[in-house]
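Below, read A as the first sequence line, B as the second, and so on, with proteins coming before strands; counting in each chain starts at 1. Computed from heavy atoms alone, side chains included, the values below leave out hydrogens, waters and symmetry copies.
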There are 2 protein chains.
Amino acid sequence: MTSEPTMSDSKNTLTNAVHDLLRRAIIEQALKPGMRLPEDTVGEQFGVSRTIVRHALVRLENEGLVITRRNRGAFVAEPSREEAQQIFEVRRCLENEVIRILCERLPSNACDRLEAHVRSEETVKGKDGPVSIRLAGEFHILLAELTGNEVLARYVTEVVLRCSLIMSLYARTHSSDCAVDEHSQIIEAIRAGDAARAIGIMDHHLGAVAGRAELSPRADSIQSILSRYGKELAQ
Amino acid sequence: MTSEPTMSDSKNTLTNAVHDLLRRAIIEQALKPGMRLPEDTVGEQFGVSRTIVRHALVRLENEGLVITRRNRGAFVAEPSREEAQQIFEVRRCLENEVIRILCERLPSNACDRLEAHVRSEETVKGKDGPVSIRLAGEFHILLAELTGNEVLARYVTEVVLRCSLIMSLYARTHSSDCAVDEHSQIIEAIRAGDAARAIGIMDHHLGAVAGRAELSPRADSIQSILSRYGKELAQ
DNA sequence: GGCAAGCAAATTGTATCCAATTGACGGAAA
DNA sequence: TTTCCGTCAATTGGATACAATTTGCTTGCC
């Protein structure tokens, strides 16, 4: 589940490699939001031509991790607070569905895999580094993949990745202590087939994650701020 | 809402144009599932180079409307019955969320726009042509866009389009008579703020749509069919 | 008659090349 | 001093050329 079997693993080798590398770099905050991604710089770095980089960037844009401006190039996305709330809304909806499905039909080895993952999360517990961020996200991705619904899994993957990006932008702290514990609780509830409780925990969990990002208070989009100052200038 | 303002309308003009054109052609069944899409054939047809076509195809692949095989090229997707069920599952989940949101916060002009759309659906009622298929889908897309949640709207758009493709593969009939009527009922329920009823209708509606496609009965993958005919030939 | 190997055609994968657009810098005029 | 305009460097948008891979067919052998 880690990261590779992205449905296009064995094809488009180079494009895929660059795509995965860039995505990882973004999620782990090596590439920070707003940072430019010039095609030939990236290309030289990886020893491939712009063509490859370009294709990778197109994909990343589709995933919402990168935005491109015409004739300006690609930038690591900087989700607005509004966008962040929308993403969290969708994520909650999707993950609740995941829980619902898993409580109905849980694959045999599911709990083992989930618990194994939580253990690996615990080994990096305390360190608030990029690795723990990635692992925390991958727990949810694993959960989605266990449903067997690949479409659902793909969407959950996308939203989770974007949430990682959001947290790197807005979160005050990444203290994942409680998170790991809640992951365990979710496993418990699912094993018991208690959908209601599992959804409750998940809601609380996502709420906590979203809460750690200060999404609501400030008005965020430049235009929403400036719109209060009159529009007369723009002819 | 019709089709253009796809968040990247004014940029990448050529790529976008080809992308939209191909998508439309697929949804309206001008390009049938399984049909090949050679890059230079398409390119010549539209008077652009392979570069453009390829970018468009990458996008379409991300949307699940085409698949590409390494060194073989791109084909219009032929969703398996299993995949189709997964898509319907996700669609139901997402559209229920749409309803829930709309019952809470309904934009002022929403009902007008929805009813206008239903009226335009009624004008082509009876004719089971590609246009009515597209319009039926666009009702749901409009619904999603009215939530104001762009992420949600994007996912709904994707699933709805894929459902159109699925229907063109598996549906016995496209009789959209009942569908249009149910669209009206959904508007009614939303206007009344009755989320439970609206969701009920939507569930029934999607169930009917999914039911019109004979998804469950036959095993569909080639290998699962042929496996019953003995495997002795293949060494 | 069937099977395997090898060759040729077609198509994609990748790199390089030219053109067009953008943003920045600097100079000139008000 | 400030604003405006023109030129220039940098970077992407798009097209073409070459390499690698696959496929289907032909040929020859069993």
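- Rounded to an integer number of Å, the gap from B:F75 CZ to C:dT11 C1' is 10 Å.
- Distances from the side chain of B:N71 to the nucleotides D:dT12, D:dT21, C:dA15 place D:dT21 closest.
- Between the P atom of D:dG13 and the CD1 atom of B:I52 lies a distance of 10 Å, rounded to the nearest Å.
- The phosphate of C:dA20 has neither OP1 nor OP2 within less than 4.0 Å of any side-chain N or O from A:R72.
- Rounded to a whole Å, the CG atom of B:N16 is 10 Å from the P atom of D:dG14.
- Checked by atom type and distance alone, the side chain of A:E39 never pairs as donor or acceptor with a backbone atom of A:R54 at under 3.5 Å.
- The CG atom of B:L37 sits 13 Å away from the P atom of C:dT11 (whole-angstrom rounding).
- In this structure, CD1 on B:I99 lies 7.0 Å from CD on B:E95, to the nearest 0.5 angstrom.
- Distance CZ (B:R69) to P (D:dT21): 19 Å, rounded to an integer number of Å.
- Using a 4.0 Å cut-off between charged side-chain N and carboxylate O, A:E63 and A:R59 make no salt bridge.
- A sub-4.0 Å separation between OP1 or OP2 of D:dG14 and a side-chain N or O of B:T51 is absent.
- A sub-4.0 Å separation between OP1 or OP2 of C:dG13 and a side-chain N or O of B:R54 is present.
- Residue A:D40 is the one, among A:D40 and B:V48, whose nearest nucleotide of DNA chain D lies closer to the 5' end (criterion: closest heavy atom).
- For C:dA10, neither phosphate oxygen OP1 nor OP2 lies less than 4.0 angstrom from any side-chain nitrogen or oxygen of B:R36.
- Under 4.0 angstrom from either OP1 or OP2 of D:dT12 there lies no side-chain N or O belonging to A:R70.
- Using cut-offs of 30° and 60° for the angle between ring planes, the A:F139 and A:H183 rings count as parallel.
- Taking atom CG of B:L57 as the reference point, atom C1' of C:dG13 lies 14 Å away to the nearest angstrom.
- Each of A:G47 and B:G73 was assigned the nucleotide of DNA chain C with the nearest heavy atom; the assignment lying further toward the 5' end belongs to B:G73.
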*Please lay out, stage by stage, how A:V76 and A:L165 fare under the test side chain to side chain contact (heavy atoms under 4.5 Å, CB included).*
CA-CA 9 Å; A:V76 179; A:L165 186 62; 4.2 Å; yes

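- Computed from coordinates, the A:E39 CD to C:dT14 C1' distance equals 15 Å when rounded to whole Å.
- Checked by distance alone, B:R50 brings no side-chain donor or acceptor within 3.5 Å of a matching partner on the base of D:dG14.
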